Amino acid sequence: MTETTPAPDAPRKDKPWLFRTYAGHSTAKASNELYRTNLSKGQTGLSVAFDLPTQTGYDSDHELSKGEVGKVGVPICHLGDMRMLFDQIPLEQMNTSMTINATAPWLLSLYIAVAEEQGADVSKLSGTVQNDLIKEYLSRGTYICPPEPSLRMITDVAAYTREHLPKWNPMNVCSYHLQEAGATPQQELAFALATACAVLDDLKGKVPEEHFPQMVGRISFFVNAGIRFVTEMCKMRAFVDLWDEICRERYGIEDAKYRRFRYGVQVNSLGLTEQQPENNVYRILIEALAVTLSKKARCRALQLPAWNEALGLPRPWDQQWSLRLQQVLAYETDLLEFEDLFDNNPAVDRKVAELMEGAREELARIDDMGGAVKAIEYMKSRLVEANAERITGIESGDTVVVGVNKYTTTEPSPLTTGEDTIMVCDPEAEADQIARLDAWRTSRDEVAVKAALADLREAARAGVNVMPASIAAAKAGATTGEWGETVRAAFGQYRGPTGVNRAPSNRTEGLEPVREAVDAVSAKLGRRIKFVVGKPGLDGHSNGAEQIAARARDCGMDISYEGIRLTPAEIVAAVREDDAHVVGLSILSGSHIPLMEELMRLMRAEGLGHVPVIVGGIIPEEDAERLRAMGIAQVYTPKDFQLNRIMMDIVALVDPASMAAE
């Protein structure tokens, strides 16, 4: 069979972006099988999702890890897990993106150790660690330490990779989660660029002056692309121009190749709907156009969510559908045959200029505060306010979401009927992971581990780069939890701002009936309705909890919201101390069953079984039935977007008249 060659006059096509699928679940073995399958289908890069204990520096058997192991990603506790994750995958040939932040030095250390075991030339490793802690304080919540030492560890990774892994991107400035938390395009631009400046300002003192331009060139970005795809495309062009401007004017970078805005993207998951989820396929395609149509601002890597992520964990077939969408766009269309389609377009130029001006104003404000680290509380409050405005627009119908607040009449979908319409994690995976962790601890050289951890502790305290000591600890057999415990001991723990102020906002539209009901029931109770809002477990996606707490506050309830990462025992203690009338919990990681079983057991043991508990999250109906059976009063999912209706439900739950009738 002879190979065909393109005709002499055939248009030259640009090389397509990297095709990635964000994946990882249950165990390292199961995730390895998924990666190898996806690579065989034409995926050209790996994007690793880690579970929450791994992201927050806990071992799988820690109290806070219960119910979270393998739920939103793969659990990696030690070198053996990392070895299994990349079995039969030659790391020297891979481009691997690891969505990891607080534990980025540790996961990169494990990756390097496995690559060396494979016989790879470490200097040829290519890929990215996200390693953006500032956005963790703002939107995602997987931080460990306070901002200053976290910034130091970010630049430790950058300085180490400059010397030893020159092809590695040591930081992916991540605006993706900023948009998920409600950021406007101007805020997404400004907050991400302010983060990059904070890192580069710190990095200046860690690398030789002559190598600093190359380090600027290694900074990459990870962005979001929403449904307003023309604005999103203009946002990407604004990113390109602003980054070039900052690199040239702030840092004096003369070589244009080091000022290039390099980015990967996952299109918007926030806009995926539980109602009529088949519509999400079109949303994903339209959003992909925002980051591929403009050659000037085209992404270097693209990963698309699956159409049914608002329902639960996607199956391999669902991920394949998203991969095929990319391949059709890149290989069947003529998109890659043209120069930029939007250069000198007056409408595009006007929108880009508007976005840049708004971003510059926000950047100047952050600079006046002392930079991104000092402005964390300000940025967090701005995101909560912006998200509240977004939700209000959907509630009022001013923002149309097809199938949610308009065109809601629908035929039954064959895609969501029957069994196995979403993937279910192996219920034995957590026990299996813990058993292998126990076996690992038993078989290792304990003396070597303790010595390696002592060296890591000393490096952290002495201000020495933590990467060499972390790699040594990985090779000695230390665990993720031990690494996390060591940096916590050296730098301390941190609880980020919630962004929910005590004072009510100025938002009044549609609230009067709810406020009247709150006042009436509060009068019956003899005090304001006391509402404890909590985030149990390790799930740091706090947007829902923040919006519920803020709306309850604006309706006149007395709220208590202490933020993320609370144990069931801590929540029950707050209910008792505050003499709460109602408890609201947000869980998006899929760990709702074990966490609620433990919380309800403790509530009854403390004599608080009469206090109604409501739960919100991505909860399949069969799980919702189990939650109601164990005593949960109400279960809310993404389809329940009318917050005022939820407020009225809460009022009814605590009304003494309603309780007496029951």
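Each residue takes its place number in the sequence, starting with 1. Bear in mind the structure is a predicted one, so any value in this text is a computation, not a measurement.
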Taking every non-hydrogen atom, the tightest pair across Gly534 and Leu566: CA-CD1, 4.4 Å
Would you call the rings of Tyr137 and Tyr494 parallel, tilted or perpendicular, taking 30° and 60° as the class edges? perpendicular
From Glu274 CD over to Thr637 OG1, what is the distance, rounded to the nearest 0.5 angstrom? 3.5 Å
Which pairs would a plain distance check flag for residues 454-467, meaning a side-chain donor or acceptor within less than 3.5 Å of a matching protein atom at least two apart in sequence or in another chain?
| residue | atom | partner | partner atom | Å |
| --- | --- | --- | --- | --- |
| Asn465 | OD1 | Met467 | N | 2.8 |
| Asn465 | ND2 | Asp156 | O | 2.9 |

Using side-chain heavy atoms (C-beta onward) and a distance below 4.5 Å, is Leu270 in contact with Asn224? no
Regarding Ser591 and Lys71, is there a side-chain donor-to-acceptor distance under 3.5 Å anywhere? no
Qualifying residues under ring-ring contact (aromatic ring centres under 6.0 Å, His included), relative to His592, sequence neighbours excluded: none
Starting from the C-alpha separation in whole Å, work towards a yes-or-no answer on side chain to side chain contact (heavy atoms under 4.5 Å, CB included) for Met94 and Leu39. CA-CA 10 Å; Met94 283 294 106; Leu39 289 168; 4.1 Å; yes
Please walk me through it: do Met171 and Thr195 pass side chain to side chain contact (heavy atoms under 4.5 Å, CB included)? CA-CA 11 Å; Met171 185 196 186; Thr195 295; 3.8 Å; yes
For Ser150 and Cys145, indicate whether the former's side chain and the latter's backbone hold a donor-acceptor pair under 3.5 Å. yes
Do any N or O atoms from the side chain of Glu606 and from the backbone of Arg601 form a donor-acceptor pair under 3.5 angstrom? no
Please check if the side chain of Asp201 supplies one atom and the backbone of Ala198 the other of a donor-acceptor pair under 3.5 Å. no
Heavy-atom side-chain proximity of Pro316 to Thr37 below 4.5 angstrom: no
In terms of heavy-atom contacts, Glu546 and Ser542 come closest through OE2-OG, 2.5 Å
Test ring-ring contact (aromatic ring centres under 6.0 Å, His included) applied to Tyr561 - qualifying residues, sequence neighbours left out: none
Excluding sequence neighbours, so at least two apart, what forms salt bridge (Lys or Arg N to Asp or Glu O under 4.0 Å) with Arg140? Glu136
From Thr567 OG1 over to Leu602 CG, what is the distance, rounded to the nearest 0.5 angstrom? 8.5 Å
Residues which pass salt bridge (Lys or Arg N to Asp or Glu O under 4.0 Å) with Glu116, listed by chain and number, not counting sequence neighbours: Lys475
Has Arg83 got a side-chain atom pairing as donor or acceptor with His78's backbone, closer than 3.5 angstrom? no
Sequence-distant partners of Gln319, side-chain hydrogen bond (donor to acceptor under 3.5 Å, both in side chains), two or more places apart: none
Run the side-chain hydrogen bond (donor to acceptor under 3.5 Å, both in side chains) test against Tyr143 and tell me which residues pass, sequence neighbours left out. none
Check whether the side chains of Glu180 and Asn543 place a donor and an acceptor atom closer than 3.5 Å, and report yes or no. no
Quick one: does Ser97's side chain get under 4.5 Å of Arg20's, heavy atoms only? yes
Run the ring-ring contact (aromatic ring centres under 6.0 Å, His included) test against Tyr111 and tell me which residues pass, sequence neighbours left out. Phe86, Trp168
Counterpart residues, salt bridge (Lys or Arg N to Asp or Glu O under 4.0 Å), relative to Glu621 (two or more places apart): Arg628
Starting at CG of Leu34, measure out to CG of Asn38 and round the result to the nearest 0.5 Å. 4.5 Å
Taking only residues two or more places apart in sequence, or in another chain, which ones meet Glu597 in a salt bridge (Lys or Arg N to Asp or Glu O under 4.0 Å)? Arg626
Okay, side chain of Asp51, backbone of Val72: is any donor-acceptor separation there less than 3.5 Å? no
How far apart are the closest heavy atoms of Glu309 and Ile618, and which atoms are they? O-CD1, 4.1 Å
Between Asn172 and Thr128, is there a side-chain donor-acceptor contact under 3.5 Å, judged purely by atom types and distance? no
List the steps and the verdict of side chain to side chain contact (heavy atoms under 4.5 Å, CB included) for Thr142 and Phe50. CA-CA 11 Å; Thr142 67; Phe50 296 99; over 6 Å; no
If you measure from NZ on Lys530 to CG on Asp578, what distance do you get to the nearest 0.5 Å? 4.5 Å
If only atom types and distance count, is the side chain of Arg495 paired as donor or acceptor with the main-chain N or O of Glu562 below 3.5 Å? yes
Rounded to the nearest 0.5 Å, how far apart are CG of Asp61 and CG of Leu437? 5.0 Å
Check: Glu622 main-chain N/O paired with Glu625 side-chain donor or acceptor under 3.5 Å: no
Using 0.5 Å steps for rounding, measure from the CD atom of Gln55 to the CD atom of Gln130. 9.0 Å
For Thr103 and Trp483, run side chain to side chain donor-acceptor pair (under 3.5 Å): C-alpha distance rounded to whole Å, both residues' side-chain angles, the deciding distance at 0.1 Å, then the answer. CA-CA 8 Å; Thr103 53; Trp483 186 90; over 6 Å; no
Any Lys/Arg nitrogen of Arg444 or Glu446 sitting under 4.0 Å from an Asp/Glu carboxylate oxygen of the other? yes
Under a 4.5 Å cut-off applied to non-hydrogen side-chain atoms, are Pro305 and Val267 in contact? yes
Just jot down the ring-ring contact (aromatic ring centres under 6.0 Å, His included) partners of Phe191, sequence neighbours excluded, or say none. none
Distance alone, cut at 3.5 Å: any donor-acceptor contact between the side chains of Asn32 and Gln88? no
Checking Asp318 against Asn308: is there a side-chain donor and acceptor pair closer than 3.5 Å? yes
State, to 0.1 Å, how close Ala183 and Glu188 come at their nearest heavy-atom pair, and which atoms those are. CB-N, 4.0 Å
Going by atom types alone, do Thr480 and Trp106 pair a side-chain donor with an acceptor below 3.5 Å? yes
Short side-chain to backbone donor-acceptor contact, Asn95 and Gly45, under 3.5 Å: no
Closest non-hydrogen atom pair between Pro75 and Asp81, with its separation: O-OD2, 3.8 Å
Does NZ in Lys380 sit with more than 12 non-hydrogen atoms of other residues, nucleotides or ligands closer than 6.0 Å? yes
For Glu482, does its backbone N or O pair with a side-chain atom of Thr486 as donor and acceptor, under 3.5 Å? yes
Could you report the tightest heavy-atom contact between Gly481 and Asp59, atom names first, then the distance? N-OD1, 2.8 Å
Would you check if the side chain of Arg218 reaches a backbone N or O of Thr161 as a donor-acceptor pair within less than 3.5 Å? no
Would one find more than 12 heavy atoms of other residues, nucleotides or ligands at under 6.0 Å from atom CD of Glu485? no
For residues 24-33, the salt bridge (charged side-chain N to carboxylate O under 4.0 Å, His left out) pairs (sequence neighbours left out) are none
Side chains of Val122 and Leu125 in contact at under 4.5 Å (non-hydrogen atoms): yes
